[in-house]
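Worksheet: the structure to be examined is printed underneath.
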Amino acid sequence: MVEFIMFDVNVEKLNDVWLQITTSQSIKMELSDHFAFHVDGYKFHPKVKQRIWDGKIRLFQAYTGLLPIGLYAHLLKYCNLCEYTINAIPDLNLKDPNFDKWVDGLPITTNGEIIKPRDYQINSAKRMIFNKSQGLIECPTSSGKSLMQYLVSRWTLNNLSGKVLITVPTKDLVVQMRGDLLDYSSTDDDFGSDDIHIIMGGKEKDSGDARVVISTWQSVCKMPKEWFAQFDCYMADEAHTATAKNITTIVQNLVKCPIKAGLSGTFKESQSHLLALVGHFGAVYKPVTTRELIDSGTVSQLKVRTVLLQYPEKDIMERKGLPYQTEIATLTSDVRRNIKCCKLAKSIADKGKNVVIMYKHIKHGNELKKICDKIHDKVYITNGSTDVDDRNNLRAIAEAEGGVIIIASTGVFSTGVNIKRLHAIIMTHPMKSKIIILQTIGRILRKHGSKSQAVFYDIVDDLRWKKWKSYSLKHAVDRIKLYNSQEFDYSITKVKL
C-alpha cells in the first residue's frame with residue numbers, strides 16, 4: 001500500500017514557467033496577499049481613484065493556483081515563517097561536477113588571445129544553467145556578462161537539443177553581442193558566424209539553421225507563441241531596461257525552456273519591477289562588486305571628481321523655488337555652465353584622451369556640440385536618432401584615435417556600449433537614477449593600454465539659500481551617498497561660474 005504524505009502546501013512544477021499550488025482556500029488568500037505589490041504611481045491611476053482597483057499586481061492567483069517558478073525560494077521562506085509544511089521540488093537546483101572541466105576544454109579567445117574565464121563568471125554561468133530559483137545575475141559593467149552568456153550558450157548547444165535566445169535593449173547591442181560571441185569563438189571550429197542569427201528592424205525573423213538568436217526584446221515580444229518552442233535557453237541582457245509587460249510576454253511563451261536568466265549591472269529599486277523579474281528568473285545573485293573588480297585589477301582604477309559649480313547670489317535667487325523641470329531647463333541652457341563643461345572636455349582631449357560629455361535632452365546636446373566645435377576639431381554627437389552603423393563607426397574611431405570628444409545622450413550611452421579606449425565621462429545632467437549613474441560609470445572601467453585611471457566628472461550645481469536647496473543639489477547629495485556605498489574614491493572641487 002502506497003503511503004501519501006499530506007502537506008499544508010503542495011507544490012508541483014507544471015512547466016518551465018509555472019508552479020501549481022494546491023492548498024486550502026485560506027492559505028491561497030494569504031499567498032495572494034503575500035505575492036502582491038503596488039504598481040509604481042498606483043495612487044494616480046484612474047481605476048484606483050475610482051476605487052475599482054487597489055493598484056496591486058498579484059503574482060499568485062488564488063483561483064488558478066499558479067505561481068511563477070522563480071518565486072519558489074520565496075514560497076519556501078514564507079511557508080517556513082508561517083510554519084506550513086511544504087513538499088520540495090528536487091530538480092530546481094541541480095549540479096554538474098564536470099562543468100569546470102568542460103569550461104577548461106573550451107577554446108575561448110578575445111582579440112585572438114586565449115583567455116580563461118574568471119571564477120565568478122563560471123559560478124554565474126552555473127547559476128543560470130542549473131539553479132532555477134536564482135537566475136537574476138547582478139554583475140557590474142565590465143565584469144564580462146557577455147562571456148557568461150557565451151558559456152551558457154555553448155553549454156546549452158552541447159547538452160540540449162534546442163536553440164538559444166538572447167535579448168538586448170537596442171540594435172547597437174544586438175551587433176555588439178554578436179561581435180562578442182564571435183570574438184570568444186574565433187579559434188573554435190564548432191561555433192561560428194553561421195550559428196548566429198540577429199533580429200532587429202528589417203532583419204529576417206526566421207533563424208534557419210542558426211543555433212543562437214540575438215534580438216531586441218521589442219522585436220521578440222511580437223512573435224507568435226509557436227515561435228518560442230525552438231528555444232531551450234533564454235537570457236535577457238540588461239534586463240532592467242525591459243518593461244515588465246514585455247518580459248512577461250516573452251517568458252510566459254517559453255513554457256518548455258529550462259534555462260532562463262536575466263542579467264544587469266544594476267536592477268531597478270522599484271519593488272514592482274524587481275519582484276516581477278524574480279518571478280520570471282529567480283532571486284538575485286551578486287557574484288562580484290565594482291570595488292572588488294577595481295581592487296583585483298580586472299577593471300581600471302576609478303576616480304570620481306565632483307565639480308561643484310558656485311553661482312552668483314543673483315542666479316540663486318532667480319532659480320529659488322522653481323519647479324523641477326524648469327530648474328533643470330535653466331541649468332542645461334546656462335551658457336556659462338555649458339562652456340565650462342566643454343572646456344573641461346577639451347582639456348582632457350588635448351592630452352590625447354577620449355572623453356564623453358553626457359546629456360539627456362536633444363536641445364542640450366546640440367548646444368554642447370556647437371560650443372565644442374568652436375574649440376576642438378574631433379567632436380562627434382550621438383543619440384537615439386543616430387543610425388546604428390554611424391554609432392558603430394564612432395565606436396571604431398574612438399578605439400583607433402585619441403583626443404576625441406563624444407557628446408552622447410544618456411539613453412544611448414549609459415547601457416551596454418563598449419569602448420575600451422575611453423578615459424573620462426562628464427555628466428552634465430543632474431541625474432537621480434542610481435542605475436544610469438552606475439551604468440554610465442561602467443562605460444569607462446574597461447581596461448586599455450592608454451589609461452591608468454578612469455575619471456568620472458559629476459557636475460553639481462550649488463544652488464542653496466539658507467535652508468533651501470535646489471532639486472539638483474538634493475540629487476547630488478544622493479549621488480555622493482551612492483559613491484560612498486560603492487566605496488568609490490571621490491573628491492569635491494569648487495569652481496566659480
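What's counted below: heavy atoms across the whole structure, side chains too, no hydrogens, waters or symmetry copies. As the structure is a computational prediction, the values presented were derived from the model and not from experiment.
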Query raised in the report: Is the shortest heavy-atom distance from the side chain of Leu254 to the side chain of Asp16 under 4.5 Å?
Result: no
Query raised in the report: Trp217 and Tyr234: aromatic ring centres closer than 6.0 Å?
Result: no
Query raised in the report: Of Ile199, Thr167, Asp237, Leu181, which is the lone residue that meets side chain to side chain contact (heavy atoms under 4.5 Å, CB included) with Ile214?
Result: Leu181
Query raised in the report: What pairs with Ile339 under side-chain contact (heavy atoms from CB on, under 4.5 Å), at least two apart in sequence or on another chain?
Result: Val335, Lys343, Ile371
Requested in this report: With sequence neighbours excluded, tell me which residues meet ring-ring contact (aromatic ring centres under 6.0 Å, His included) with His475.
Outcome: Tyr324
Report task. Compute whether any side-chain donor of one residue and acceptor of the other, for Asp458 and Tyr483, lie under 3.5 angstrom apart. Result -> yes
Query raised in the report: Do Glu327 and Ser472 meet the criterion of a side-chain donor-acceptor pair at a distance under 3.5 Å?
Result: yes
Requested in this report: Take atom CZ of Arg291 as the centre, draw a 6.0 Å sphere, and report whether it contains more than 12 heavy atoms from other residues, nucleotides or ligands.
Outcome: yes
Query raised in the report: In chain order, what residues pass the side-chain hydrogen bond (donor to acceptor under 3.5 Å, both in side chains) check against Arg421, with sequence neighbours excluded?
Result: none
Report task. Start with the C-alpha distance between Lys369 and Asp373, add both sets of side-chain angles, then the distance that settles salt bridge (charged side-chain N to carboxylate O under 4.0 Å, His left out), and finish with yes or no. Result -> CA-CA 6 Å; Lys369 176 74 162 57; Asp373 280 337; 2.8 Å; yes
Requested in this report: Kindly assign one of parallel, tilted or perpendicular to the pair Tyr150 and Phe191, based on the angle between their ring planes and the thresholds 30° and 60°.
Outcome: perpendicular
Requested in this report: Mind telling me whether His361 and His429 have parallel, tilted or perpendicular rings, with 30° and 60° as the class edges?
Outcome: perpendicular
Query raised in the report: Got a salt bridge between Asp334 and Arg319, using NZ or NE/NH1/NH2 to carboxylate O under 4.0 Å?
Result: yes
Query - Residue pair Trp155, Asn159: steps toward the side chain to side chain contact (heavy atoms under 4.5 Å, CB included) verdict - result: CA-CA 6 Å; Trp155 187 93; Asn159 294 274; 3.2 Å; yes
Query raised in the report: Is the closest side-chain donor-acceptor distance between Asp206 and His197 under 3.5 Å?
Result: no
Report task. Using atom types as modelled and distance alone, determine if a side-chain donor or acceptor of Asn354 lies under 3.5 Å from a backbone N or O of Glu401. Result -> yes
Query raised in the report: Does the side chain of Thr187 pick up a donor-acceptor pair with the side chain of Thr109 at under 3.5 Å?
Result: no
**Report entry** Asp461 and Tyr311 side chains, donor-acceptor separation under 3.5 Å
**Finding:** yes
Query raised in the report: Shortest non-hydrogen contact from Ser143 to Leu293?
Result: CB-CD1, 3.8 Å
Query raised in the report: Going by an N to O cut-off under 4.0 Å, is there a salt bridge joining Arg154 and Asp188?
Result: yes
Requested in this report: Please name the residue in the list Asp190, Asp232, Asp195 that meets the salt bridge (Lys or Arg N to Asp or Glu O under 4.0 Å) test with Arg211.
Outcome: Asp195
